[in-house]
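So the structure is just underneath, and the comments pick up after that.
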Amino acid sequence: GDALNLTGSMIDLKFVPTANRDTNATISYKVVDPEGPAADSTASTITITISAVDDPPSAGGNKTATTTAGAALSIAEDTLTPTDFRVSGITLSDVDGGTPSQIRLISVTGGTVTTSANGAITLGVKGVGDALNLTGSMIDLKFVPAANRATNATISYTVVDPEGPAADSSTSNITITITPVPDPPT
């Protein structure tokens, strides 16, 4: 390797570990004698302690809601009965190991979402709000559009980090297609 010059008996080095490294690093060195390699010191090692940090899992990805059978879903405007829907193909990976198995809903625009058993869902982020269990990479929920909603609805969610909520994924969106229905004249 390259020879580095000492300032007195010290040298300043900067070390940047590779991404997601969670094991110690070592640097081997020896003192080079200007009289020639025969007088160089034996190799010594410096150990650099690297502390692991909890990285967030990958974002689940933007998805479009389907029927629970996997067909295209479109909910008519002003539908009052909760409509079953499925979100599938959610990306579930975490560089720290462990496979995420839950999502947390952050916000709902354009209606109300409930569990598949019509249970209320508390929205929130980073440990606040209900963590919803997935079946594989999918989840079944119910949705009722807001009155006179004539545009698509959006549900924002994160993938829950299995190591703890401080590192939930970045936000992804679920789109629910709403079909406008002509309102009677007043």
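Source: prediction; values computed, not measured. Numbering of residues begins at 1 and proceeds along the displayed sequence.
Val108 and Val144 fall into different hydrophobic clusters, where Ile, Leu, Val, Met, Phe, Trp and Tyr residues are linked whenever their side-chain heavy atoms come under 4.5 Å apart, directly or through other members. Clustering ILVMFWY residues whenever any of their side-chain heavy atoms sit less than 4.5 angstrom apart, transitively, puts Val159 in a cluster other than the one holding Ile106. The hydrophobic clustering, which links ILVMFWY residues whose side-chain heavy atoms are closer than 4.5 Å, places Val87 and Ile176 together. In the hydrophobic clustering of this structure, Phe143 groups with Leu105; members are Ile, Leu, Val, Met, Phe, Trp, Tyr whose side-chain heavy atoms approach within less than 4.5 Å, directly or through other members. Each of Met138 and Ile103 belongs to its own hydrophobic cluster when Ile, Leu, Val, Met, Phe, Trp and Tyr are linked at side-chain heavy-atom distances under 4.5 angstrom.
A distance of 7.0 Å separates OG of Ser116 from CG of Leu141, quoted to the nearest 0.5 Å. Rounded to the nearest 0.5 Å, atoms CD1 (Ile178) and CG (Asn152) are 6.5 Å apart. Note that CD1 of Ile50 is 4.5 Å distant from CZ of Phe15, once rounded to the nearest 0.5 Å. For the atom pair OG of Ser169 and CG of Asp55, the computed distance is 13.0 Å after rounding to the nearest 0.5 Å. How far CG of Asn133 is from CD1 of Ile139: 7.5 Å, rounded to the nearest 0.5 Å. Here Arg104 contributes atom CZ and Thr171 contributes atom OG1; the two are 11.5 Å apart, rounded to the nearest 0.5 Å.
The only option from Asp84, Asn118, Thr114 that meets the side chain to side chain donor-acceptor pair (under 3.5 Å) definition with Lys142 turns out to be Asp84.
The two residues Pro180 and Ala150 come nearest to each other via the heavy atoms CG-O, 3.5 Å. When every heavy atom of Ala153 is checked against every heavy atom of Gly110, the shortest pair comes out as CB-O, 4.1 Å. A pairwise comparison of heavy atoms in Arg21 and Pro17 identifies CD-CB, 4.2 Å as the closest pair. Across all their heavy atoms, Phe85 and Ala65 have their closest contact at CD1-CB, 3.5 Å. The minimum heavy-atom distance between Ser172 and Gly61, with the atom names listed, is OG-N, 2.9 Å. Residue Ser137 comes nearest to Leu92 through the heavy atom pair CA-CD1, 3.8 Å, listed as atom of the first residue, atom of the second, then distance.
Identified under the side-chain hydrogen bond (donor to acceptor under 3.5 Å, both in side chains) test for residues 56-70, with sequence neighbours left out: Ser58-Ser93.
For Arg149, the salt bridge (Lys or Arg N to Asp or Glu O under 4.0 Å) test picks out no residue, with sequence neighbours left out.
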task = Apply side chain to side chain contact (heavy atoms under 4.5 Å, CB included) to the pair Leu132 and Gln102, showing each step before the final yes or no.
result = CA-CA 5 Å; Leu132 305 173; Gln102 297 177 316; 6.0 Å; no

Can you give the donor-acceptor pairs under 3.5 Å from side chains of residues 71-79 to other protein atoms, not counting sequence neighbours?
from: Ser74; atom 1: OG; to: Thr179; atom 2: OG1; distance (Å): 2.1
from: Glu77; atom 1: OE1; to: Val181; atom 2: N; distance (Å): 2.8
from: Asp78; atom 1: OD1; to: Asn148; atom 2: N; distance (Å): 2.6
from: Thr79; atom 1: OG1; to: Ala76; atom 2: O; distance (Å): 2.5

